[in-house]
Amino acid sequence: QVQLVESGGGLVQAGGSLRLSCAASGRTLTTFSMGWFRQAPGKDREFVASITRHGFTTRYANSVKDRFTISRDNAKNLVFLEMNKVTPEDTAVYYCAAERSGAIYMTLADVDLWGQGTQVTVSS
């Protein structure tokens, strides 16, 4: 059974940067496409970014495009989300997600595994 554990969240000032990590245990991540979702208070969980099994293709939500970068290190079973130029609107709990089909297009219904989430708070 694969388990996903996020880390790297915290408090950051607007305009700053943060890097989230997702560590997988129990099985290699190369069988999954991976993604990040987020959920702000009072809002639905939404897609942020995804990456295919070997990292050849990435996809981003329009709201984070050109500011966030998703990457993965399959040798270490890690997935990252580099967050730059953050704004208070990026404040949310960020969740790591895994999907067995390997597809780049990832919705909530497609996710097979979730991490427990890590809080990111951006102060203005």
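L20 contributes atom CG, which lies 8.0 Å from atom OG of S7 (distance to the nearest 0.5 angstrom). Atom CZ of F47 sits about 10.5 Å away from atom CG of L108, to the nearest 0.5 Å. If you take CD1 on I70 and CH2 on W36, they are separated by 8.0 Å, rounding to the nearest 0.5 Å. Here I51 contributes atom CD1 and R59 contributes atom CZ; the two are 13.5 Å apart, rounded to the nearest 0.5 Å. Rounding to the nearest 0.5 angstrom, the gap separating the CZ atom in F68 from the OG1 atom in T58 is 14.0 Å. Atom CZ of R67 sits about 4.0 Å away from atom CG of D90, to the nearest 0.5 Å.
Hydrophobic clustering, defined by side-chain heavy atoms of Ile, Leu, Val, Met, Phe, Trp and Tyr closer than 4.5 Å, leaves Y105 isolated from every other such residue.
Here the closest non-hydrogen pair linking F37 and M106 is CE1-SD, 3.7 Å. Scanning all heavy atoms of the two residues, the minimum distance from L29 to M34 falls at CD2-SD, 3.7 Å. Residue S124 comes nearest to P88 through the heavy atom pair CB-CG, 3.9 Å, listed as atom of the first residue, atom of the second, then distance. Nearest approach of Q116 to Y95, heavy atoms of both residues: O-CE2, 3.5 Å. For the residue pair A49 and L81, the shortest heavy atom distance occurs at CB-CD1, 4.3 Å. Pairing each heavy atom of V2 with each of A24, the nearest pair is CG1-CB, 4.3 Å.
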Stepwise side chain to side chain contact (heavy atoms under 4.5 Å, CB included) test for V93 and Q119: CA-CA 4 Å; V93 177; Q119 176 70 48; 3.2 Å; yes

The test is side chain to side chain contact (heavy atoms under 4.5 Å, CB included); show your working for F32 and R53 and say whether it passes. CA-CA 6 Å; F32 299 93; R53 288 170 174 152; 5.8 Å; no

If you apply the rule side chain to side chain contact (heavy atoms under 4.5 Å, CB included), what do you find for M83 with V12, and how did you get there? CA-CA 11 Å; M83 306 168 61; V12 60; over 6 Å; no

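A donor-acceptor distance shorter than 3.5 angstrom exists from the side chain of S33 to the backbone of A103, with no hydrogens or angles considered. The closest donor-acceptor contact from the side chain of T52 to the backbone of I104 lies at 3.5 Å or more, if one exists at all.
In this structure, Q13 places its CD atom where only 12 or fewer heavy-atom neighbours from other residues, nucleotides or ligands lie under 6.0 Å away.
D73 has its side chain within reach of F80: a pair of non-hydrogen atoms, C-beta onward, lies under 4.5 Å apart. When side chains are defined from C-beta on, S101 does not count as touching D110, because their heavy atoms never get closer than 4.5 Å.
The side-chain hydrogen bond (donor to acceptor under 3.5 Å, both in side chains) with Y94 is formed by just one residue from the set R38, Q39, E6; it is R38.
Residue V120 is not grouped with residue W114 when hydrophobic side chains (ILVMFWY) are merged at heavy-atom distances under 4.5 angstrom, including chains of intermediate members.
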